[in-house]
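I have placed the structure first, in the form of structure tokens, so that the comments after it can refer back to it.
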Number of protein chains: 2
Amino acid sequence: MVPVQPPLPPPIPPGAVTVPDPVPDRDAEPAAEGALARSQAARRRRVLDATLQLAAAGGFDAVQMRDVAAAADVALGTVYRYFASKERLLLEAMAEQQADLRAYLEVHPPREPTPAARVVSVLRGANHSLREFPDVTAAMVRSFGTAQIENADIVRRVTEIMTGIITSAIHAPERRAATENEVRVARILMQVWLSSLNGWVCGVDGPDRVDDDLAAAAALLLP
Amino acid sequence: MVPVQPPLPPPIPPGAVTVPDPVPDRDAEPAAEGALARSQAARRRRVLDATLQLAAAGGFDAVQMRDVAAAADVALGTVYRYFASKERLLLEAMAEQQADLRAYLEVHPPREPTPAARVVSVLRGANHSLREFPDVTAAMVRSFGTAQIENADIVRRVTEIMTGIITSAIHAPERRAATENEVRVARILMQVWLSSLNGWVCGVDGPDRVDDDLAAAAALLLP
DNA sequence: GCGAAAATCAGAACGTGTTCCAATTCCGAT
DNA sequence: ATCGGAATTGGAACACGTTCTGATTTTCGC
């Protein structure tokens, strides 16, 4: 079992949190020009980094909005200008993490011969990374489980990314549209994944259970 | 599709909340004798009823501990003596609801000819009831999704009841031990169920999606 | 450069979950 | 009937997410 090396980004290299890269605010936006946009992107990034840093230390409860603001060197009100709630903040971080995983897998698709083996390989790799920062995972999964209507958009984005990752694994390395049935199976696997993660971060099951659940489901649902 | 009639208990007949039945505190405890135990059981019940009543009105946010205490005619501290947190309060209500469903199904097992059809029938019936009180469902599912380590026991209880309901449906009406494979399948279906409910209460999907997801999963996993 | 508009800041303030405490009431054994 | 201990009460107090406000700074079009 080759552990897919760096699927999820580490929650933060503990130094260098000031003035990171001037990426555009969200993925897919045409990179607004001025200095404002630049400093805003930097601020947003600092807030997200501070969030991950705090979550890595003590999980959901350690992500206190006043601390996030302080660590990001930003006023509390500014945090709320960028992220409408603590929940949203963590969900955006989760979406970013999943998007990073997807990007990584596009460069390093799984090589196993069968769909089931590929799916298991990808998800094991992801879980491996999640297990290295259990508190970050717990914070994100918990936010996911608490989600309200006002965050439906990010929740949807996260589930779509996860489903996309799984469908890609099903028919990787060939890149073609997924069949209707593949999408159904991928959705089920994503649901199993989320529920299983929830069971883990709640302390109901050990972390291995996540891998086991997914392996069992993949074996039953995929050739 | 015969909607299984009253699988989940209605959140409360809006009247008659004072001094309900003196059932023993939890299921399976030998009904302690004295007046103390009796009044305690009544108190506990009032608190749970008040919780459901408030949840039915406005969901998770409407269940405010001070209001629960007032509605149950009990001091705030007493609520916390019985339920260590708001989350726990809602999870215990959820466990009770699921236990009621299980009890109902023992009397009215599904009659369909195939395991898949029986499972779909049972879960559709349950969903039908859940949809009648969406705010109650949302409150419970949300508590489930937020669960912490200190509530691992109830979370486990709930998942076990749900899994048990599904395994029973798989091989109902004959009552025998479930095979290892049936348990695996039941667990996957339970996870799909929970995830799907989460998607519904988050506003990501419509309520029909829950039925659809379960039907699709059952079709893929069961004969 | 200059002025208007937007963004940010610092901090107060509010609501709700949770904890704590002193006073009181209730139960059960003597 | 009474005493001791446990349960309950009413309410204050605290923590943290969230909102609000007025002052200050930054950005951009002129």
Side-chain angles (χ1 to χ4, degrees), chain A residues 18-19 22 25 32-47 50-51 54-55 57-93 139 142-143 146-151, chain B residues 18-19 22 25 32-47 50-51 54-55 57-93 139 142-143 146-151:
Chain A
T18 33
V19 195
D25 183 64
E33 359 53 53
L36 204 174
R38 213 174 351 264
S39 83
Q40 282 182 329
R43 239 178 276 270
R44 189 186 138 89
R45 178 109 304 275
R46 285 209 305 278
V47 172
T51 300
L54 290 169
F60 187 89
D61 294 325
V63 181
Q64 304 198 354
M65 299 304 269
R66 290 171 179 84
D67 293 348
V68 171
D73 198 30
V74 139
L76 181 56
T78 305
V79 176
Y80 277 96
R81 158 172 273 274
Y82 284 79
F83 304 94
S85 66
K86 172 175 175 176
E87 191 185 295
R88 182 148 198 119
L89 176 53
L90 283 162
L91 284 170
E92 299 248 23
R142 182 164 160 194
S143 299
T146 330
Q148 309 275 280
I149 311 96
E150 59 264 27
N151 289 321
Chain B
T18 31
V19 195
D25 182 64
E33 2 49 58
L36 202 174
R38 213 174 350 265
S39 83
Q40 283 182 328
R43 238 179 277 270
R44 188 187 139 91
R45 178 109 304 277
R46 285 209 307 278
V47 172
T51 300
L54 289 168
F60 187 89
D61 295 325
V63 181
Q64 304 198 354
M65 299 304 269
R66 290 171 180 84
D67 293 349
V68 171
D73 199 29
V74 140
L76 181 55
T78 306
V79 176
Y80 277 96
R81 159 172 274 274
Y82 283 78
F83 304 94
S85 66
K86 173 175 175 177
E87 191 185 293
R88 183 148 197 118
L89 176 54
L90 283 161
L91 284 170
E92 299 248 23
R142 181 164 161 195
S143 299
T146 331
Q148 310 274 279
I149 310 94
E150 59 264 27
N151 289 321

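Numbered from 1 within each chain, the chains take letters A, B, ... in sequence-line order.
- We find that CZ of B/Arg38 is positioned 10 Å from P of C/dC27, with the value rounded to whole Å.
- In this structure, CG of A/Asp73 is placed 7 Å from P of C/dC9, rounded to the nearest angstrom.
- What separates CD of B/Gln40 from P of C/dC27 is a distance of 10 Å, to the nearest Å.
- Here the side chains of A/Arg142 and A/Leu90 are not in contact, with every heavy-atom distance at 4.5 Å or above.
- Heavy-atom minimum distance, B/Leu91 versus B/Ala147: CD1-CB, 4.4 Å.
- From A/Asn151, atom CG reaches atom OG of A/Ser143 across 9.0 Å, with rounding to the nearest 0.5 Å.
- For A/Thr78 and C/dT8, the shortest distance from a side-chain N or O to OP1 or OP2 is not below 4.0 Å.
- In terms of phosphate contacts, B/Tyr82 brings no side-chain nitrogen or oxygen within less than 4.0 Å of OP1 or OP2 of D/dA7.
- Annotation: the span from A/Thr78 atom OG1 to A/Arg44 atom CZ amounts to 14.0 Å, rounded to 0.5 Å.
- When every heavy atom of A/Asp67 is checked against every heavy atom of A/Ala62, the shortest pair comes out as OD2-O, 4.4 Å.
- Taking CG from A/Leu54 and CG from A/Asp61, the interatomic distance works out to 12.0 Å, rounded to the nearest 0.5 Å.
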query: What one-letter contact string describes nucleotides 10-26 of chain C from 5' to 3', where B marks a base within less than 4.0 Å of any protein heavy atom, S marks contact via sugar-phosphate atoms alone, and - marks no contact?
result: B--B--BBBB-------

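- Spacing between atom CG of A/Leu54 and atom P of D/dC16 amounts to 13 Å, rounded to whole angstrom units.
- If you measure from atom CZ of B/Arg43 to atom P of D/dA6, you get 17 Å, rounded to the nearest angstrom.
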